[in-house]
Amino acid sequence: MKKSALILSAFIALLASLNTARAQDPEFTQFYANPLYLNPAFAGAQRCPRVIMNYRNQWPALTGQFVTTSVSYDQFICHIGGVGALFANDKAGEGTLVTNNFSLFYAKPIQITRFFSISMGFQATYAEKRVDWDKLTFGDMIDPRRGFVNPTQEVPGRGISRYFDMSAGILGYSKTLFFGFAVNHLTEPDEYLQVGPSPLPRKYTGHAGAMIPVGNGDTYISPNLLYQAQQDFRQLNMGMYVMRGPITGGLWYRDKDAFIVLIGFQQGSFKAGYSYDVTVSRLANKSSGSHELSFAMQFSCKKCPKRFRPLSCPSF
């Protein structure tokens, strides 16, 4: 029996559980290289227009790995605020389950003192979740000798689920310190594919860090914490970046799951990063970790008449 058939048949348990299931969001481990995905309040935080692309391949050794990609654009518009857009695509089980999200962002920075500012951001999302029933295998299709050869008597559910979603976030930052909090899926939209309801639970994200100059100012270290909670799922990430000239190195630990090593390069308006999740859970010998790539292009722009304080935080 082919391994791919076994992987696909595992989706049956997933789909059957959609009666009461609550899904979880895909994640990126280069958190600050995908800022809009992390917190809507990052929209326009660097003032000038920027385009960011992200790619993540999780557990490539498994036939049914998870591949997530995104592309985003944001900028600050004088007298209006930060605006942005993001498209994200997530494929699970060789495209058996596909989710597409398109989001629009707005963020309003407010200077509280000469040294401290906040930004409040909002996100509106249109989402589609699709399942390819032709790629699924069921128990009644199995012949003891020949494998999956029989027609199934299972009745397919919905092939697609469409819904709207809302999220919000806030950032506080000075020249050297920053912190933020975001809540995704404020409306807990129903994304059922078989029998409902299947609400998408709220995701809570808190993050904080610092940019500490070392020596003559060409080198920075940046300790960071990031905590996420989504229904029964809890995750604590602790990490450190070291930035010297155009090179950034990073090491993170994700609670009971993985170590993350990162190398990034930034020169002028272009930056690129690569990270690898070294799995330490029970999947360590079967998953081959996770690979992630990020690319960004920062464009030049005119200064606003009103003073604008860009956010100083890690690039990856």
Side-chain angles (χ1 to χ4, degrees), residues 28-56 68-88 102-109 111 117-121 123 169 171-178 180 182 207 209-213 217-222 224 226 239 241-250 262-275 292-316:
F28 290 91
T29 54
Q30 293 185 42
F31 311 107
Y32 297 106
N34 200 345
L36 300 188
Y37 194 85
L38 175 63
N39 189 331
F42 275 109
Q46 295 301 317
R47 186 170 64 85
C48 291
R50 60 180 172 179
V51 175
I52 301 175
M53 295 174 287
N54 304 84
Y55 169 86
R56 178 175 176 83
T68 308
T69 56
S70 73
V71 58
S72 65
Y73 173 89
D74 72 300
Q75 71 171 97
F76 183 81
I77 300 177
C78 300
H79 309 298
I80 296 178
V83 297
L86 180 145
F87 174 78
F102 178 74
S103 300
L104 296 175
F105 297 81
Y106 174 76
K108 182 64 174 179
Q111 187 169 327
S117 298
I118 64 172
S119 176
M120 295 180 290
Q123 174 182 352
L171 287 171
Y173 57 97
S174 65
K175 186 176 180 179
T176 57
L177 300 174
F178 54 90
H207 55 93
M211 293 283 287
I212 304 171
D218 185 48
T219 302
Y220 291 83
I221 60 173
S222 180
N224 280 265
L226 186 144
Y241 298 98
V242 178
M243 292 151 277
R244 182 175 178 84
I247 304 298
T248 297
L262 176 145
I263 183 70
F265 174 81
Q266 184 168 1
Q267 186 65 46
S269 60
F270 175 79
K271 72 173 183 179
Y274 168 76
S275 61
E292 190 167 312
L293 295 168
S294 68
F295 301 93
M297 182 69 71
Q298 181 92 43
F299 300 94
S300 60
C301 64
K302 296 181 180 180
K303 293 183 178 181
C304 292
K306 186 177 179 180
R307 182 180 178 184
F308 177 86
R309 176 184 291 131
L311 174 62
S312 178
C313 74
S315 300
F316 303 96

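Heavy-atom basis, side chains included; hydrogens, waters and symmetry copies ignored.
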### Summary
salt bridge (charged side-chain N to carboxylate O under 4.0 Å, His left out) filter on R50, not counting sequence neighbours, yields D74

### Task
To the nearest 0.5 Å, tell me how far K303 NZ sits from C48 SG.
9.5 Å

### Partners meeting ring-ring contact (aromatic ring centres under 6.0 Å, His included) with Y37 (sequence neighbours left out)
F28

### With sequence neighbours excluded, residues passing side chain to side chain contact (heavy atoms under 4.5 Å, CB included) with A33
Q30, N54, S294, F316

### Query
For F178, which residues count as a ring-ring contact (aromatic ring centres under 6.0 Å, His included) partner, sequence neighbours excluded?
Y32

### Query
What salt bridge (Lys or Arg N to Asp or Glu O under 4.0 Å) pairs are there with at least one residue in residues 32-48, not counting sequence neighbours?
none

### Message
For L36 versus Q123, what's the shortest heavy-atom pair and its separation?
### Response
O-OE1, 4.4 Å

### Task
Locate the shortest heavy-atom distance separating G169 from N39; write the atom from each residue and the value.
CA-OD1, 3.3 Å

### Sequence-distant partners of T248, side-chain hydrogen bond (donor to acceptor under 3.5 Å, both in side chains), two or more places apart
none

### Query
Got a sec, which residues hit side chain to side chain contact (heavy atoms under 4.5 Å, CB included) with I221, two or more places apart in sequence or on another chain?
I212, V214, M240, V242

### Task
Applying side-chain hydrogen bond (donor to acceptor under 3.5 Å, both in side chains), name anything that partners Q298, two or more places apart in sequence or on another chain.
none

### Query
Can you check whether A210's main-chain N or O pairs, donor with acceptor, with S222's side chain at less than 3.5 Å?
yes

### Task
Would you please name every residue forming a side-chain hydrogen bond (donor to acceptor under 3.5 Å, both in side chains) with T219, sequence neighbours left out?
R244

### Task
To the nearest 0.5 angstrom, please state how far the OG atom of S275 sits from the CZ atom of R56.
7.0 Å

### Any residue meeting side chain to side chain contact (heavy atoms under 4.5 Å, CB included) with P246, in chain and number order, not counting sequence neighbours
F265, Q267

### Summary
One should read off an interatomic distance between S315 OG and Q46 CD, to the nearest 0.5 angstrom, of 7.5 Å

### Taking every non-hydrogen atom, the tightest pair across Y173 and P109
OH-CB, 4.3 Å

### Query
Taking all non-hydrogen atoms of both residues, which atom of N34 and which atom of S70 are closest, and how far apart?
ND2-OG, 3.1 Å

### Message
Would you compute the distance between atom NZ of K108 and atom CD1 of I80 and round it to the nearest 0.5 angstrom?
### Response
9.0 Å

### Task
With sequence neighbours excluded, tell me which residues meet side chain to side chain contact (heavy atoms under 4.5 Å, CB included) with Q75.
P49, Y73, I77, V83

### Summary
Across all chains, not counting sequence neighbours, the ring-ring contact (aromatic ring centres under 6.0 Å, His included) partners of Y241 are W252

### Considering all heavy atoms, the nearest A41-L171 contact
O-CD1, 3.5 Å

### Task
Over all heavy atoms of both residues, which pair between F76 and G82 is shortest? Give the atoms and the distance, please.
CD1-N, 3.7 Å

### Task
Report yes or no: does E292 contribute a side-chain atom to a donor-acceptor pair with the main-chain N or O of T29 at less than 3.5 Å?
yes

#### Entry: I263 CD1 to Y274 OH distance, which is reported to the nearest 0.5 Å
11.5 Å

### Message
Rounded to the nearest 0.5 Å, what separates atom CZ in F87 from atom OG in S103?
### Response
10.5 Å

